[in-house]
Amino acid sequence: MASGAVKKTTNIVGYTVLPNAREILCGLYSKTLTALQRLPKEAAYRRHTEQIIEQRLQIVQAETSIPTIEEQIGCGQVEELVDHAERELKLVGKMEEWQPWEPLVSDPPPGQWEWP
Amino acid sequence: SNNKMAAHSGRLLSFWRAAYGSRNLWKLNAADKTSSQLLWRYLSTDVTTAKNNELTAQLLQYGRYIHDILPKYVQQTQLTHNNELEVLIHPDGIIPVLTFLRDHQNSEFRQLQDVTIVDIPKNVCRFELVYNLLSITYNSRIRVKTYTDELTPVDSATSVFNSANWAEREAWDMFGVVFSNHPDLRRILTDYGFEGHPFRKDFPLSGYVEVRYDDEVKRVVCEPLELTQEFRQFDLSSPWEQFPAHRKPAISSTSEQDNTKKE
């Protein structure tokens, strides 16, 4: 790695620079994928999230330089990506509890969503 | 029949366009989410809407995505004419849906802009709660709507968003909607001893009390209202149709009878 490769600041309050962001991201994405295995296979949340995370994990594993990773994923800086991944991991646990793939709880009262 | 409706509405639209502007209202019924049947569909005939239609299509697809992931709570998704996506949910799903929209990597709606209420007295559940969310990562907005009546409490969103604290206090003060598990639900805008919920449709414009300085007791007193002129009630209804884009299909009694006879 070149000496000037590590960035000095993220320019965002609350996000300190993570020089080992690649490893952190790899770890978080794999953890989330294993956590997703606990959800039922036909759940749309599991399918879509697996797709997103596998795509991002592929990019993170293939590329070594952080600016390329940021550019290819295209969702902000790696520190933000780490934050997003941590939140997604927590969300998987909550989705397991709520199970939102079940059918609708109940229909709205008649005429509720009609306008005017 | 969909094509006929679209053609008919196209002609209608070109006539009303000058007065009402272009309208794009797409609704996806919960019962038919797999084939995504369109209930009504009005295509804009404006020249500038090629890009708009692309945005509309993208937002519709995103609405379907949300609906696919959360079918337990999402009753309907719709798109207003200004390309604003609205997700209509069951009140049990406030915390799950808001947490999902905040934490999921494909939504990232990390900012709750406002919690408001629309009072529609003719409904059984007269209060329609509206949560406006903003995603800074993706530069987009979404609206989550639920419903409740005057007595049923609703889950507080303070566990998901800190900004819901004061917003829900305002909703309680102005409308009387109770939020359970709110850390501090008390009045925020009305006066300290104020009774009533001012933004309800049955609360009069002038209120029930007035305040004045009384020289005898040397302080401000609160007394029942005394208007110098009787409040004039204007009848604002007009003989012309107000919402041509939202006409309900006419159901004639004879066709219904025919159908039942055939069955």
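The shown structure was predicted, so the numbers you read here are calculated from the model rather than taken from an experiment. Convention: sequence-line order gives letters A, B, ...; per-chain numbering from 1.
- Interatomic distance, Gln76(B) CD to Leu104(A) CG, rounded to the nearest 0.5 Å: 11.0 Å.
- Neither the backbone nor the side chain of Ser107(B) comes within less than 4.5 Å of any heavy atom in chain A.
- Interface remark: Ile53(A) contributes side-chain atoms only to the contact with chain B (heavy atom separation under 4.5 Å).
- The environment of Asn162(B) atom CG is sparse: at most 12 non-hydrogen atoms of other residues, nucleotides or ligands sit within 6.0 angstrom.
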List, one per line, each side-chain donor-acceptor pair under 3.5 Å for residues 86-105 of chain B, sequence neighbours excluded.
from: Glu86(B); atom 1: OE1; to: Gln78(B); atom 2: NE2; distance (Å): 2.8
from: Glu86(B); atom 1: OE1; to: Lys145(B); atom 2: NZ; distance (Å): 3.4
from: Glu86(B); atom 1: OE2; to: Arg143(B); atom 2: NH1; distance (Å): 2.5
from: His90(B); atom 1: ND1; to: Asp92(B); atom 2: N; distance (Å): 3.1
from: His90(B); atom 1: NE2; to: Ser106(A); atom 2: OG; distance (Å): 2.9
from: Thr99(B); atom 1: OG1; to: Ile95(B); atom 2: O; distance (Å): 2.4
from: Arg102(B); atom 1: NH1; to: Val160(B); atom 2: O; distance (Å): 2.8
from: Asp103(B); atom 1: OD1; to: Arg87(A); atom 2: NH1; distance (Å): 3.1
from: His104(B); atom 1: ND1; to: Glu88(A); atom 2: OE1; distance (Å): 3.2
from: His104(B); atom 1: ND1; to: Glu88(A); atom 2: OE2; distance (Å): 3.2
from: His104(B); atom 1: NE2; to: Tyr65(B); atom 2: OH; distance (Å): 2.8

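- Separation of atoms CH2 (Trp101(A)) and CG (Leu70(B)) is listed at 10.5 Å; rounding is to 0.5 Å.
- Taking a 6.0 Å sphere around CD of Gln58(A), one finds it holds 12 or fewer heavy atoms contributed by other residues, nucleotides or ligands.
- In terms of non-hydrogen atom pairs under 4.5 Å with chain B, the most contact-rich of Pro110(A), Ala44(A), Pro108(A), Pro109(A) is Pro108(A).
- For the pair Pro100(A) and Pro71(B), the tightest heavy-atom approach, listed with the atom from each and the gap, is O-CD, 3.0 Å.
- Of the residues considered (Gln99(A), Arg46(A), Lys90(A), Glu80(A)), Gln99(A) shows the highest number of contacts with chain B, using heavy-atom pairs under 4.5 Å.
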For Glu114(A) and Asn123(B), what are the C-alpha separation, side-chain angles and deciding distance, and is it a side-chain contact (heavy atoms from CB on, under 4.5 Å)? CA-CA 10 Å; Glu114(A) 266 165 30; Asn123(B) 286 349; over 6 Å; no
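- Looking at Pro103(A), only its backbone comes within 4.5 Å of chain B, counting heavy atoms on both sides.
- Contacts with chain B (heavy atom to heavy atom, under 4.5 Å) involve no residue of residues 31-43 of chain A.
- Of all heavy-atom pairs spanning Cys75(A) and Thr137(B), the tightest one is O-CG2, 3.9 Å.
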Using side-chain contact (heavy atoms from CB on, under 4.5 Å), reason through Asn106(B) and Gln51(A) one step at a time and then give a plain yes or no. CA-CA 11 Å; Asn106(B) 210 14; Gln51(A) 203 181 359; over 6 Å; no
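- Neither the backbone nor the side chain of Arg126(B) comes within less than 4.5 Å of any heavy atom in chain A.
- Side-chain atoms of Ile69(B) and His48(A), non-hydrogen and from C-beta on, do get closer than 4.5 Å to each other.
- The 12-atom threshold is exceeded at CG of Asn20(A), counting heavy atoms of other residues, nucleotides or ligands nearer than 6.0 Å.
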